[in-house]
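Everything quoted here is computed from the prediction, not taken from an experiment.
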Amino acid sequence: MLLVDFETRSPVDLKRYGGRVYAMDPRTEVICCGFRLDGLHWMFRNPKLYPQAAGERWPEWVMDALNDEHIPVSAHNAEGFDAPVWDYVAANDHDFPLLADDRWVDSVAICRVNGLPGKLDDAARAIGGMARKDHRGAALIRACSIPPYDETPEKLDAVVEYCAQDLVVLADLLDACRPLMDVELRDWRVNRAINERGVRVDLELAEAAVRYAEAESAEIAAQLNQLTNGRITRHTQSARIRDFVLGHLPDCPAMVRYKDGVKKYSIDKSARAELLDDFDLPFLVREVVELTDDGNRSSVAKFQKMLDRADPEDHRVRGAFVYAGAQQTLRFSARGLQLHNFRRDCWSPDEVEDLSARMYLDQPLDSVMDTLSKLLRPALLPAPGNKLIIGDWSAIEAMALPWLANSPGAEGVLDVFRAGGDVYLRTAEDIRIDNRQIGKVTVLSLGYGGALGAFQAMARNYGVRLEDDVVRAIVTRWRRVNGWAPDFWYALERAARRAIARPYEIQTAGRVRYVYYPQHLGGSLLCLLPGDTILTYPQVRIEEVEGRHGRAITAMKASFTAKADATEWPRTTLWHGLLAENATQGFCAWLLREALARLELEDGPGDVVSDVHDEIVLEAPAALAYAARDRLAEVMNTVPAAAEWLPLKAVPTIQDRYGKEG
DNA sequence: TGCGGCGGCGCC
DNA sequence: AAAGGGCGCCGCCGCA
């Protein structure tokens, strides 16, 4: 692979606007670009900044590599940074040769499928000796890349050195990783195509929402300020609000939280709900808590993000999806505009037209922040003349878990799905509680080894309140009726332990397999799932863990960041519930990738514009909307060969805006 | 002023 | 048979 790394400068805020907007801005310039291949190294330097580089010829090995279509070109965050910089800046300003899109491979994707952190520094720290972070590097880049530019020759030479050093680090990192499998490269490209297409946002609505939110936020701040004599000046000051409430209600039980065995106080959503439920709550406290609650409902930042990230020409936000962003499951994650966590409860398209009309006329709104946050989803919409087609798989994880367990008891659950039954209702019957909502919370919270705590946490989100004793009884009954689930959890953990004890030998639990490679990334446990998915747990060990009986399996926790003075990367315990969950979500993520690949690579009406774990959104011209809907249904209801007998079900619908129905 | 830690939010 | 976990982003706050 030819490794590439750009250093650039621009007045555009890269973090805020993203690499694509950054690269397309005419003020963005290349400082230098490093190339590396098999130990050979060369640095392109912008002659405007490095006069001595004027007229310098490109080495033959670089030109040969660039002209050889069989040699992939890799950069760390190629998709989000180096590829757009190459296309929009370097090709124009410095005659860099045009590179076909399919030449790029992003080394971030390679890190992530290897279970490593995405950031270059972090990945290197995690697998290396945890050398301390070099803050001078970051400071140097800041000095030279953000106006006013430092242009001293010493600094510019230091940038070149820094760039070259990064390529050495990247080369070492890639040597330690396994490369992408063909199917992973395919899926990375599919995701890149979806990112390039983007999803359209209602910019006019977003602008109005930001305007209303700012006014409301200021109003809430003024009231808080007055009520508390200046002790609280914004609804976001959670520490000050917490202390204010504690001042009136010492040791308030609703606010008590335990973290790592340490008692703490919180003023989070559920604490506020419990406080407001108390009829005797002092009036002043009630006022403050209500104002905080109102303010926190907003998702103003997301509307601002839409304004920041959308292309002003076609109003589309691009580059929002991160391939294998979740290292432990290889699910997609999101960046910039967080499309994966928009509030579900939202207005219908008709209500949106009504509300937006009022907002454009500056008319007042009821419960402003709540109203605005319910406008978030519908702020995604198709281009004029198009429709959105939305499909989601119903209860896919509740189905995938028993399918992976592959036992007679688990088949019984799958038969409920096959018969078109409602697994939540069925579960409510099983635990002898006549309430579908409770059945749903049970299925969602207990499938991965969770018990009382997991149930109550989930119950809070669904407005279900039960006494602890009742929940304990539900847990016992559910586990007894669904004995296949505990059996599967413990089989997974036994298989993982066996695998670690016997390197290179594949161990099986249900449809899940584990194998341990002692030489790979400090000893890696691989989880092999149906359909060629490989989950990697690097630096796996069996060791004593605080607060736990016996020795447990532990591994690197890629999604955490090590503290500055840490001597080892943070770790996680691979207990049976986590193994079950990772396998299930990893398997479901594969089903999604297969569907996306079909939709993207096969001919047919409708283009993918968004996906959220169990949901796919297409955009299609109105005249083709029905055909696109049928196509989406066909793709989502056709099970890949490696998942035979899995009763997947989706009923896509046609919408004028993004919404909760799907 | 920039950072890192932490609390908080929301979804699957 | 104890234990929800998977994400990303925002804002505050203390520190350097």
Atom-pair distance (CG on A/Leu452; C1' on C/dA3), nearest Å: 11 Å
Sugar-phosphate, base or nothing in reach of A/Leu446, heavy atoms under 4.0 Å: nothing
OP1 or OP2 of B/dG10 under 4.0 Å from side-chain N/O of A/Lys269: yes
Protein-nucleotide distance (A/Arg571, atom CZ; C/dG5, atom P), rounded to Å: 17 Å
Centroid under 5.5 Å and tilt under 30°, A/Phe342 to B/dG10: no
Qualifying residues under side-chain contact (heavy atoms from CB on, under 4.5 Å), relative to A/Glu214, sequence neighbours excluded: A/Val210
Between C1' of B/dG10 and CG of A/Leu376, the distance in whole Å: 10 Å
A/Asp469: side-chain hydrogen bond (donor to acceptor under 3.5 Å, both in side chains) partners, not counting sequence neighbours: A/Arg472
Sugar-phosphate, base or nothing in reach of A/Ser266, heavy atoms under 4.0 Å: sugar-phosphate
Separation of B/dG8 C1' from A/Asp294 CG (nearest whole Å): 17 Å
Sugar-phosphate, base or nothing in reach of A/Gly453, heavy atoms under 4.0 Å: sugar-phosphate
d(NZ, A/Lys374; C1', B/dC11) in whole Å: 17 Å
Summary of side-chain hydrogen bond (donor to acceptor under 3.5 Å, both in side chains) pairs that have at least one residue in residues 487-498 of chain A, sequence neighbours excluded: A/Glu493-A/Arg497, A/Arg498-A/Gln507
Side-chain N or O of A/Trp489 closer than 4.0 Å to phosphate OP1/OP2 of C/dA3: no
Pairwise side-chain contact, A/Asp614 with A/Met636, heavy-atom cut-off 4.5 Å (strictly under): no
Nucleotide C/dG4, atom P - distance to CG of A/Leu574 in whole Å: 17 Å
Atom-pair distance (CZ on A/Arg242; P on B/dG8), nearest Å: 7 Å
Donor-acceptor contacts, no H, no angles, side chain residues 577-587 of chain A, under 3.5 Å, sequence neighbours left out:
residue, atom, partner, partner atom, Å
A/Asn582, OD1, A/Gln328, NE2, 3.0
A/Asn582, OD1, A/Tyr537, OH, 2.9
A/Thr584, OG1, A/Ala580, O, 2.7

Verify stack between A/Tyr448 ring and C/dG4 base, 5.5 Å, 30 degrees: no
Parallel, tilted or perpendicular, as decided by the 30° and 60° cut-offs, for the rings of A/His340 and A/Phe321: tilted
Sugar-phosphate only, base, or nothing, as touched by A/Arg272 at under 4.0 Å among non-hydrogen atoms: sugar-phosphate
Gap between atoms CE and C1', on A/Met458 and C/dG5 respectively (whole Å): 9 Å
Under 4.0 Å protein heavy-atom contact, by nucleotide of nucleotides 6-16 of chain C - B base, S sugar-phosphate only: BSBSSSSS---
Which residues share a side-chain hydrogen bond (donor to acceptor under 3.5 Å, both in side chains) with A/Arg20, sequence neighbours left out: A/Glu196
hbond_proxy A/His576 side chain to C/dA3 base (donor-acceptor, 3.5 Å cutoff): yes
